Peer 1: 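One structure, pasted below without further comment.
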Amino acid sequence: MEEPHDARSRSATEASHGSTAHLERPHRYTLTAPALPTSPRLCRDFVRGVFTASGLNELADAAALCTSELVTNVHRHGKGDVRMAASVQHDRVRVTVHDDSPELPSPRRAMGNETNGRGLFLVTALSDLCGMTIDEPANGTGKSVWFEFNLPSAKASGTA
């Protein structure tokens, strides 16, 4: 098993050329938005900004699309405000979308002419890992749906 990479051991040249994301990880960014039609766009832009600011431009568009799909589900089927978190770790980034409905989303097969019903399949196809959890009774009555992207250096080194 390979030892975890220590960000402090990377060269100043490598950091100054933007080939790595923030050297001081982990970072956690949060956003709360009302369950309105404008929220998917706002949340998508927020996640794209987190990925871009973290030097993960190559993953930003896929992460934004996954975010848009999950937040759209909250707007259409969830309950309460959207609470998001984007956690940038040493080896991966996890984006979590939370709402107050305990009902878990279930993928369905969309018919060829339908414009809905593909979101969870897109998230599964684009992300490295995804899932959902129901809140513990002491923490509320909602759920979280999340996806992760392994960082490019983790994929290349085989530690993903």
Side-chain angles (χ1 to χ4, degrees), residues 4-8 10 15 18-107 116 118-157 159-160:
H5 295 286
D6 183 355
R8 292 171 291 188
R10 293 197 174 110
S19 62
T20 61
H22 289 291
L23 296 178
E24 308 85 26
R25 290 189 185 143
H27 291 296
R28 181 172 164 86
Y29 302 88
T30 60
L31 174 72
T32 300
L36 295 174
T38 55
S39 290
R41 185 193 64 185
L42 294 170
C43 294
R44 179 176 63 235
D45 291 347
F46 168 76
V47 166
R48 183 179 284 118
V50 168
F51 274 70
T52 301
S54 298
L56 302 169
N57 297 344
E58 68 276 14
L59 299 173
D61 287 340
L65 178 56
C66 290
T67 299
S68 186
E69 294 299 332
L70 296 185
V71 175
T72 297
N73 281 349
V74 172
H75 169 63
R76 290 187 178 157
H77 311 291
K79 178 180 168 186
D81 291 341
V82 176
R83 292 181 301 286
M84 290 192 56
S87 299
V88 182
Q89 302 293 319
H90 298 284
D91 59 346
R92 68 185 177 280
V93 180
R94 176 181 278 206
V95 175
T96 304
V97 176
H98 184 273
D99 74 273
D100 292 328
S101 171
E103 187 174 328
L104 295 176
S106 58
N116 298 322
R118 294 177 179 84
L120 294 176
F121 287 108
L122 282 171
V123 172
T124 300
L126 292 173
S127 66
D128 291 311
L129 188 65
C130 60
M132 44 190 111
T133 57
I134 296 176
D135 288 348
E136 293 294 326
N139 296 332
T141 59
K143 67 175 167 305
S144 294
V145 183
W146 53 268
F147 62 87
E148 289 183 356
F149 284 95
N150 295 326
L151 297 188
S153 61
K155 287 180 182 179
S157 67
T159 60

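Position 1 is the first residue of the sequence; numbering continues from there. Values below: all heavy atoms of this structure, side chains included; hydrogens, waters and symmetry mates excluded. Predicted, not measured: the structure shown is a model, and the values here were computed from it.
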Peer 1: Would you call the rings of Phe147 and Phe149 parallel, tilted or perpendicular, where under 30° means parallel and over 60° means perpendicular?
Peer 2: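 If you compare the ring of Phe147 with that of Phe149, the planes turn out perpendicular.
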Peer 1: State, to 0.1 Å, how close Ala64 and Val47 come at their nearest heavy-atom pair, and which atoms those are.
Peer 2: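 Heavy atoms of Ala64 and Val47 come nearest at N-CG1, 4.3 Å.
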Peer 1: Among Thr133, Asp100, Asp99, exactly one meets side chain to side chain donor-acceptor pair (under 3.5 Å) together with Lys143. Which residue is that?
Peer 2: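 For Lys143, the side chain to side chain donor-acceptor pair (under 3.5 Å) check succeeds only for Asp99.
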Peer 1: For a side chain to side chain contact (heavy atoms under 4.5 Å, CB included) check, start with the C-alpha distance between His75 and Ser39, then their side-chain angles and the critical distance, and finish with the verdict.
Peer 2: CA-CA 8 Å; His75 169 63; Ser39 290; over 6 Å; no
Peer 1: Between Thr67 and Met84, does a side chain to side chain contact (heavy atoms under 4.5 Å, CB included) hold up when you go through it step by step?
Peer 2: CA-CA 9 Å; Thr67 299; Met84 290 192 56; 3.7 Å; yes
Peer 1: List the atom of Glu69, the atom of Gly119, and the distance in Å for their closest heavy-atom pair.
Peer 2: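 Closest approach of Glu69 to Gly119, heavy atoms only: OE1-CA, 3.2 Å.
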Peer 1: How about His90 and Pro26: do any of their side-chain heavy atoms sit closer than 4.5 Å?
Peer 2: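 Yes, close enough: below the 4.5 Å cut-off.
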Peer 1: What distance separates Phe46 CZ from Arg44 CZ, expressed to the nearest 0.5 Å?
Peer 2: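 Nearest 0.5 Å value for the CZ-CZ distance: 14.5 Å.
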Peer 1: Provide the closest heavy-atom pair for Ala60 versus Arg48 in the form atom of the first, atom of the second, distance.
Peer 2: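 That would be CB-CG, 4.0 Å.
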Peer 1: Would you say Val50 and Val88 make side-chain contact, with heavy atoms under 4.5 Å?
Peer 2: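 The answer is yes; the side chains approach within 4.5 Å.
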Peer 1: Flag the pair Met132 / Pro105 as yes when at least one side-chain heavy-atom distance between them is below 4.5 Å, and no otherwise.
Peer 2: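 Yes - at least one pair of side-chain heavy atoms lies under 4.5 Å apart.
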Peer 1: For a quick test of reading the model, state the closest non-hydrogen atom pair linking Val71 to Cys43 and the distance between them.
Peer 2: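 Reported closest heavy-atom pair: CG2-CB, 3.7 Å.
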Peer 1: Looking at CG of Leu59 and OG of Ser127, how far apart are the two atoms once the value is rounded to the nearest 0.5 Å?
Peer 2: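 The OG atom of Ser127 is 11.0 Å from CG of Leu59, to the nearest 0.5 Å.
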Peer 1: Return the set of residues passing side chain to side chain donor-acceptor pair (under 3.5 Å) with Thr72 (not counting sequence neighbours), or none when no residue passes.
Peer 2: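 Side chain to side chain donor-acceptor pair (under 3.5 Å) list for Thr72, sorted by chain: empty.
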Peer 1: Check the pair Val95, Phe51 against side chain to side chain contact (heavy atoms under 4.5 Å, CB included), reporting the backbone distance first and the verdict last.
Peer 2: CA-CA 10 Å; Val95 175; Phe51 274 70; 4.0 Å; yes
Peer 1: Any idea which heavy atoms bring Leu151 and Leu56 closest together, and the distance?
Peer 2: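 Shortest heavy-atom separation between Leu151 and Leu56 comes out as CD2-CD1, 3.6 Å.
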Peer 1: Salt-bridge test for Asp128 and Arg92: reply yes if a basic N is under 4.0 Å from a carboxylate O, no otherwise.
Peer 2: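 Result for this pair is no, no salt bridge flagged.
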Peer 1: Nearest 0.5 angstrom please: Lys79 NZ to Ser101 OG, how far?
Peer 2: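 Here the interatomic distance stands at 7.0 Å.
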Peer 1: For the residue pair His98 and Asp135, establish whether any side-chain heavy-atom pair is separated by less than 4.5 Å.
Peer 2: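 SC-SC contact between His98 and Asp135 confirmed.
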Peer 1: Looking only at heavy atoms, what is the nearest atom pair of Pro34 and Asp81, with distance?
Peer 2: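 Residues Pro34 and Asp81, closest heavy atoms: CA-OD1, 3.5 Å.
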Peer 1: What is the distance from atom CD1 of Ile134 to atom OG of Ser144, rounded to the nearest 0.5 Å?
Peer 2: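 Ile134 atom CD1 to Ser144 atom OG measures 10.5 Å (nearest 0.5 Å).
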Peer 1: Would a 4.5 Å heavy-atom cut-off, applied to side chains only, mark Ser68 and Arg41 as touching?
Peer 2: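 No, every pair of side-chain atoms sits at 4.5 Å or beyond.
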Peer 1: Evaluate the criterion side chain to side chain contact (heavy atoms under 4.5 Å, CB included) for residue pair Val145 and Thr96; output intermediate values, then yes/no.
Peer 2: CA-CA 6 Å; Val145 183; Thr96 304; over 6 Å; no
Peer 1: With heavy-atom distances below 4.5 Å as the criterion, would you say the side chains of Asp91 and Asn150 are in contact?
Peer 2: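 Asp91 does not reach Asn150 side chain to side chain.
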